[in-house]
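Presented below is the structure to which this report refers.
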Amino acid sequence: MSEQYVPQEIEPRWQEYWEAERLYYASDDDERRKLYALVMFPYPSGDLHMGHMRNYAIGDLFARYKRMRGYNVMNPMGWDAFGLPAENAALQADIHPSIWTEQNIADMKSQLQKMGICYDWGREVTSCLPDYYRWTQWIFLQLYDRGLAYKRMAPANWCPSCKTVLANEQVIDEGHCERCGTMVTKKDLAQWFFKITDYADELLEDLSLLENWPERVRVMQENWIGKSYGVEFRLGIDGYDDEIGAFTTRIDTVYGMTFVVLAPEHPLVGKLTTAEHREEVEAYVEKARQASEIDRLSAEVEKEGVFIGGYAINPMNGERMPIYIADYVLMTYGTGAIMGVPAHDTRDFAFAKRHGLAIPVVIAPPGWDGADLEEAHVEEGTMVNSGPFSGLPSNEGIERISDYMEEHGIGARKVYYRLRDWLISRQRYWGAPIPILYCEGCGTVPVAEEELPVVLPMEVDFHPTGTGESPLATVPEFVHTTCPRCGGAARRETDTMDTFVCSSWYYFRYTDPHNEKAAWGKEKADAWLPVDQYTGGVEHAILHLMYSRFFTKVFRDMGLTGIDEPFARLFTQGMITKLNPGTMKVEKMSKSKGNVVPIDDMVDTYGADTARTFILFVGPPELDAEWSDQGVEGSFRFLKRVWRLEMEEANAGKPSEGADRALRRKTHQTIRKVTEDIERFHFNTAVSACMELCNALVAHKEKQGAGPALDEGIQALLLLLAPIAPHVTEELWEKLGNGDSIHKQSWPEWEEELAAEEVFTLVVQINGKVRDKVEVPVSIGEEEAIELALSREQIQRWLSGKSIKKTIYVPGRLVSIVAN
RNA sequence: GGGGCGGUGGCGGAACGGUAGACGCUACGGACUUAAAAUCCGUUCUGGGGUAACCCGGGUGUGGGUUCGAAUCCCACCCGCCCUACCA
């Protein structure tokens, strides 16, 4: 009886060995080419399951593979450890956020280790520890110094019942508080922003440098930045000297304007509202102010609005137009005022219908007969009823009217971005304190660099303060301090930073994690960065990646790095889904939905190698994939087969020369395929190629017996599988009598000559349909192949009574005959 | 409304414009076993013909197009999922 494959007996041993050998620790001084592999560091929520494991299995495979390819690989790990769940745990379970976080980190670390996921733990970073957030605060100060951090009033989600600020994810069910269900409103608070808009153009332009990013992520970022070219022009107001600025991308439609709409918060609203409309307008403004953002932005809401009594003047034709306010006009985009052109904008069309306004056509649709429009014509066309510009194509009209407005000082070409500045203030305890003081005499004063870190106090009541302030405001020892400039009394800022700030620079810290003098040393960072391969969930396609790109560009401008872009190649993997027994729907695997497959269950039943093999085999890694318990069984069977292939005695027979040659061909073809598949991130087909080789080896062993060809095949199979199933391959490698760890071996090379086929199936098509197949040597030439094809009995039968028009020969594939 | 991703057997999925369905799962039949587990062998898109190795037809969401040849490229549409949301 041979030894059985019992993964639980071999896996812990190798995990300890790899860690003891520091096999996956990267040295800064290494002759080999560097490779920085990175998976997005997780929030330590404490519930790792097989859904998360896809990310880590991919990252681990890639790092192990590249190491075998001879790279000096750095594959670090850390924890995005500030955030709301820890604070909620403090309220609900009466456990300090730091303890809760620490425990979760320990749990997750042990689960990663159980799965054989190897990192350079010597570079571990934890964003909630002072030796990390000290530098997060330092970065804040640098942005402040450069004018990239500023404070202004901004609305926050506010629950009037809990008297607390809510994060967007705490606003659920169309604008209700997740705690008490009360309708969420807005509260204006003085809050800190980072001026990412200063970099909008560069963030957009440099997307073209990111050739190895998925197309969809680049498109999402492009849309998020939302650059639009247009004209900003001024409208006079009947009876006032004031002017209203309006931005439009369709200045060609300016002669069709019949009304103007202001945002409810527009500064001129109060002044321009006439007495008879005042009551209605004030009620509307109040309602808009109270409505939560989600409500306000809901597309289903009708395009309401109220007339304020005032009139604006169209600068092009002197027309007098009513001014409305409506909440679909945003104060935060453009000028907070729009020109209403009902004939050529769907929203304006609906608004005009509702308020009984005229809908004059100024861009003629093709074949327009002068009739009223059934719906807005938003496409291009020929300009009509547009004074001297009538008759022009609309795209030319845009240029001509823009020129005209610039010449006459009415307006100017202007670019607006959808991208807004990054609000980083959080009225929360569990985050990096913003290193700012408020002195009665000196005003806003940054904390001195040598005073960092501003340490988060431990003794805090986490309950809502009732004022919207952070719980830190209730800690006098924290709040009261002295001003570094004048020595007088000062108060500390009590807001903490958005956790996205912490996660926007951690990949710099990995390159120099123990530096106590600086966030990182430029030489070390520039030696490792940019990240060669970044892997994570597509849910971070916009915010995290945009903020990280922004930070990198700021760091570059500060001289802290020489790189322009932090992530050279990006891979976004799909989610793992599973049938949810509660809803009977296939949903994303998640603890809250109750459809998780826990790591421990997998390891106990099948071992880490099976779990890893399956998660890689389940489907294309960039797409969502459904978990299947039977599928896991299949991967387990495969590894058991690999085990027996090596461990069981072979037949006593002596292999034939032909069979050996065929087996070596399969071996070398598999090496080629697996290598190419891993390079292009097709892990599922890499696994199936290994399965095929295994099947071929088993068959050879049974029918032919042992020999050098079989040994070569087994060795190759183990090496190819090493990054996928690291434990079992390590164990079998040792049992083969090889001395050193399989993970220190070189990746196998294939020989084209051995991988080359001697024969292929020549397909013969007539008029595109397959009519015959014949085995031929690969050396066959075109003439020979066509002659052979035409001589085939089958083909002659199909061709009888027809004449051949043309023959096409595709080497190594087919002969295609066109006949009629 | 905008954007993205996808639609191929009973299921997950393979397939440089060139033999559609690799590999795996499931199911069924068989071998081994007192029995089970494990393992191994065979069948598994579909209609028709043949004792048979095989042969013929249909087939990649729908409808067109390009091509000797289309799952793959182009146009129009339908369906599903995800993200985003009144951006002037």
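Computed from a predicted structure; not experimentally measured. A, B, ... follow the sequence lines: proteins, then strands. Residue 1 opens every chain.
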Scanning all shown strands, the Watson-Crick or wobble mate of G69(B) with both distances under 3.5 Å is none
Which nucleotide in the set C56(B), A88(B), C23(B) lies at the smallest distance from any side-chain heavy atom of Ser688(A)? C23(B)
Using the purine O4'-C1'-N9-C4 or pyrimidine O4'-C1'-N1-C2 torsion, is G61(B) syn (within 90° of 0) or anti? anti
Any side-chain N or O of Tyr416(A) under 4.0 Å from OP1/OP2 of C87(B)? no
With nearest nucleotide decided by heavy atoms, which residue, Glu692(A) or Trp798(A), maps closer to the 5′ end of RNA chain B? Glu692(A)
Look at all strands and tell whether Gly634(A) reaches a base, only sugar-phosphate, or nothing, counting heavy atoms closer than 4.0 Å. sugar-phosphate
Whole-angstrom distance between U34(B) and A52(B), as gauged at atom C1': 40 Å
Just N and O in the side chain of Lys806(A): are any of them under 4.0 Å from OP1 or OP2 of G69(B)? no
Which base, if any, makes a Watson-Crick or G-U wobble pair with A37(B), both distances under 3.5 Å? none
Quick one: are the ring centres of Phe681(A) and Phe683(A) less than 6.0 Å apart? yes
Which value, in whole Å, describes the distance between the C1' atoms of nucleotides C28(B) and G10(B)? 12 Å
Just to confirm, is there a sub-4.0 Å distance from OP1 or OP2 of G24(B) to any side-chain nitrogen or oxygen of Ser635(A)? no
Which listed nucleotide (A15(B), A88(B), G12(B)) is nearest to the side chain of Val618(A)? G12(B)
In whole Å, what separates the P atom of A53(B) from that of G69(B)? 32 Å
Is Arg347(A) near enough to C87(B) that one of its side-chain N or O atoms lies under 4.0 angstrom from OP1 or OP2? yes
Below the 4.0 Å mark, does G57(B) have OP1 or OP2 next to a side-chain nitrogen or oxygen of Arg771(A)? yes
Could you tell me if the ring centre of Tyr606(A) sits under 6.0 Å from that of Phe614(A)? no
Residues Glu676(A) and Lys673(A) bridged, charged N to O under 4.0 Å: no
Taking the nucleotide of RNA chain B with the closest heavy atom to each, which residue, Asn695(A) or Phe760(A), is nearer the 5' end? Phe760(A)
Within 45 degrees of the axis of the six-membered ring of Trp798(A) and under 6.0 Å from its centre: does Arg771(A) put its NZ or CZ there? yes
Who pairs with C5(B) - Watson-Crick or G-U, where each distance is under 3.5 Å: G80(B)
Separation between CG of Leu262(A) and CD1 of Ile244(A), rounded to the nearest 0.5 Å: 5.0 Å
Distance criterion of 3.5 Å, no angle test: do you see the side chain of Gln765(A) paired donor-to-acceptor with the base of G18(B)? yes
So, does Arg644(A) get its side chain near the phosphate of C40(B), meaning an N or O under 4.0 Å from OP1 or OP2? yes
Checking contacts here: which listed nucleotide (A22(B), G3(B), A38(B)) is nearest the side-chain heavy atoms of Asn223(A)? G3(B)
Side chain of Phe617(A) only, please: which of U84(B), A14(B), C23(B) is the nearest? C23(B)
